[in-house]
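What you see is a predicted model; the values in this text were computed from it and never measured. Chain identifiers are assigned alphabetically (A, B, ...) following the order of the sequence lines, protein sequences preceding nucleic acid strands; residue numbering begins at 1 within each chain.
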Amino acid sequence: MSDPIQLLTADGTRVEHPDVAFTPDAALLAQHGDEAGVLKALLRDMSLLRRFDVEATALQRHGELGLWPPSLGQEAAQIGAGRALARQDHVFPTYREHGIAWCRGIDPVGLLGLFRGTDHVGWDPVEKGYEPVTIVIGAHALHAVGYALGVVHDGAVGTGDAARDTAVMACFGDGATSQGDVNEAFVFAASYHVPVVFFVQNNHWAISEPLARQTRIPIAQRADGFGFPSYRVDGNDVLATYAVVRRALEHARSGQGPVLVEAVTYRMGAHTTTDDPTRYRTDDELESWRRRDPIDRLAAHLRAEGIADDAWFTALDAEAEELGADIRARCKALPDPSPLASFDETYVELTPTLAAQRAEVVELMDLDGAEHEEVAR
Amino acid sequence: MTTLTMAKALNAGLRRAMEGDDKVVLLGEDIGRLGGVFRITEGLQKDFGENRVLDTPLAESGIVGTAIGLALRGYRPVVEIQFDGFVYPAYDQIVCQVAKLRTRSGGRHALPIVIRIPYGGGIGAVEHHSESPEAQFAHTPGLKVLTPSNPVDGYWMLQQAIAHDDPVVFLEPKRLYHSMKAELDPALEPGPLFASRVVRQGTDATLIAYGPTVQTCLAAAEQAAEEGRSLEVIDLRTLSPLDLGPAVASVTKTGRAVVVHEAHRSFGVGAEVAAAVTEHCFYALEAPVLRVCGYDTPYPLSRVEHEWLPTVDRVLDAVDRAVAF
């Protein structure tokens, strides 16, 4: 399999690819004026995502979050994929897709609740087209396929109506490709020819296990055996990732069936804040990927081409700092959930058994004193 | 009024549910052209098309996971797991996904999924084809677990489960599929879904059963009556939520209870029933609540399965012990 598709080199030089070109869709162009505007918008997305992610990691270190899975280093893969999505598309994410959530218009603080223990999901999955994160590795790939099957049954694929045709994105990593559920999702997607894009961020590490423990061939090549096309793209190149994912989504929406996109990237941070990657990987490896940083390369390109000047970068830094402070303040202000929420959210129709247990909790809280009465109500 | 087997009643129930709501779709292995290995879906693909009755690839986790996605898109999937012992590859999807997604969505998602599983023994089958996994699902918050004991309940309960907005594991006693017939009047209104029922009145002891063992207990009560002993029989019908109202009322009257199921005894539904009945009927009880169950071994070879399954003799022996206590 050939090298990953690249449109922006690590030093920030735009390069041509025989099959794929960076052409922003009409909505992005309308929003940002011209291609230069889109490039600045993508850099802004990636920079703010990184600032958010760094803030979340810090919040965990300060005891404000129980855990955090950093997206550090994967900004181009996530923003490139996220900005290629159409309004009606639907995403089934893992716990690390903060950048795709950002592109879906989800308030980043909404991503923190799960890790602070205050809320299972801080957004409306239907309105945002972005499901609750799945922590059981790969399980949601099947949900994406089933959802896409429903899209087919609804006649929302291959109609040529750009506002109707719908693609479904299943996000997972290199480790997940070993899961049975992911492989079953490949089989079902191919069998029913559904509009799903399997967006694999190959970040080279499944906690401590290297890519070579999961696969002997490039992940994209797996798709051949299941009978659908795939792309292998430089996941630290936001232009190439956007271009490839956009093409994959259009392939799906137009009724041509599933596609796999392998975005080759690198998890610069720990798996989660409980992990210590110095135990299993070298500084040299980390340094080699630091030189391929997704943000640095687009910034270099914008400077070299005179698209953005110092004042623009200074303003972006200030915006990022403001975001960090806002995230910090609002994270700490997230309200504790009601102890009764889990009773009310288990079933659509509360069972008598659970109603009795709920009543026990209400009674116990009353015994505890007045401070819980508010919550009980 | 028509006379239907359990298999035909379930088939008629599925047909009526599909006629009433075009969001109802069926998924499973061999359920299309073949009509299912037990013929429960016979004729449905022909009449409703391949988009409503889907033959799936051979992967149980894939079937249930796909059903979840369909439910999130607004469909009401009905999954057929071919045999009880084949449900385990789908266990994560059922326990971590189907059962928890409503909670994990902060109460925003509903998952109106029915997972039909033929269960229980007594048909001379090979290994993995005679199991009773109900306790594993009844122990899982977020699921509801139902089991009909007769064709009339099969017909109504399946339709009610499909119309219900929470996920249901629907356990069908497979040995009754073709052996048990009953008269069905489709014009009648069904009773409440999550309710157990007194199926035979009695005064000396209470037999509490569900699914395949209801027939065993009715036969035991019949034999006991010939010997001058009056047994009341409760058909639980719903294992989650467990409705013990009729059982508690009955045991308060009789003072003795025997729980009967095919599943292994330890940590089973019988243990939950015994604990709850004891809690509610402590002063009325004349004897401990006894259990007649499958033994704590993997399901045995078919030549000896009738030594393992609850029989009329074992039920009556337990009643004797309760009376003599």
> What parts of residues 73-85 of chain B touch chain A if we use heavy atoms and a cut-off under 4.5 Å?
Replying inline: B:Arg73, B:Tyr75

>> If the condition is side-chain hydrogen bond (donor to acceptor under 3.5 Å, both in side chains), which residues does A:Lys332 pass it with, not counting sequence neighbours?
In response: none

> Which answer fits A:Glu184, side chain, backbone, both or neither, if we ask what part of it has an atom under 4.5 Å from a heavy atom of chain B?
Replying inline: side chain

> Which atoms of B:Leu242 come close to chain A, meaning under 4.5 Å heavy atom to heavy atom: side chain ones, backbone ones, both, or neither?
Replying inline: backbone

> Does B:Arg33 come within less than 4.0 Å of B:Asp55, counting only side-chain N to carboxylate O?
Replying inline: no

> Top residue by heavy-atom pair count (under 4.5 Å) with chain B, among A:Tyr347, A:Phe92, A:Tyr192?
Replying inline: A:Tyr347

>> Shorter than 4.5 Å, heavy atoms on both sides: which option in A:Thr134, A:Val194, A:Val126 has the most such pairs with chain B?
In response: A:Thr134

>> Let's test your reading of the structure: which of A:Val145, A:Thr353, A:Leu149 forms the most heavy-atom pairs below 4.5 Å with chain B?
In response: A:Leu149

> If you check every heavy atom in residues 93-114 of chain B against those of chain A, which residues fall under 4.5 Å?
Replying inline: B:Gln93, B:Cys96, B:Gln97, B:Leu101, B:Arg102, B:Thr103, B:Arg104, B:Ser105, B:Gly106, B:Gly107, B:Arg108, B:His109, B:Ala110

>> Taking every non-hydrogen pair under 4.5 Å, which of A:Gly180, A:Ser191, A:Pro132 racks up the most with chain B?
In response: A:Pro132

> Which bit of A:Ala156 is near chain B, if near means a heavy-atom gap under 4.5 Å: side chain, backbone, both or neither?
Replying inline: side chain

> Can you pull the salt bridge (charged side-chain N to carboxylate O under 4.0 Å, His left out) pairs that have at least one residue in residues 109-136 of chain A, sequence neighbours excluded?
Replying inline: A:Glu64-A:Arg116

>> I'd like to know if B:Asp243 and B:Arg197 make a salt bridge, using a cut-off of under 4.0 Å between side-chain N and carboxylate O.
In response: no

> Among A:Val136, A:Val121, A:Val348, which residue forms the greatest number of heavy-atom pairs with chain B at distances under 4.5 Å?
Replying inline: A:Val348

> Which bit of A:Asn183 is near chain B, if near means a heavy-atom gap under 4.5 Å: side chain, backbone, both or neither?
Replying inline: neither

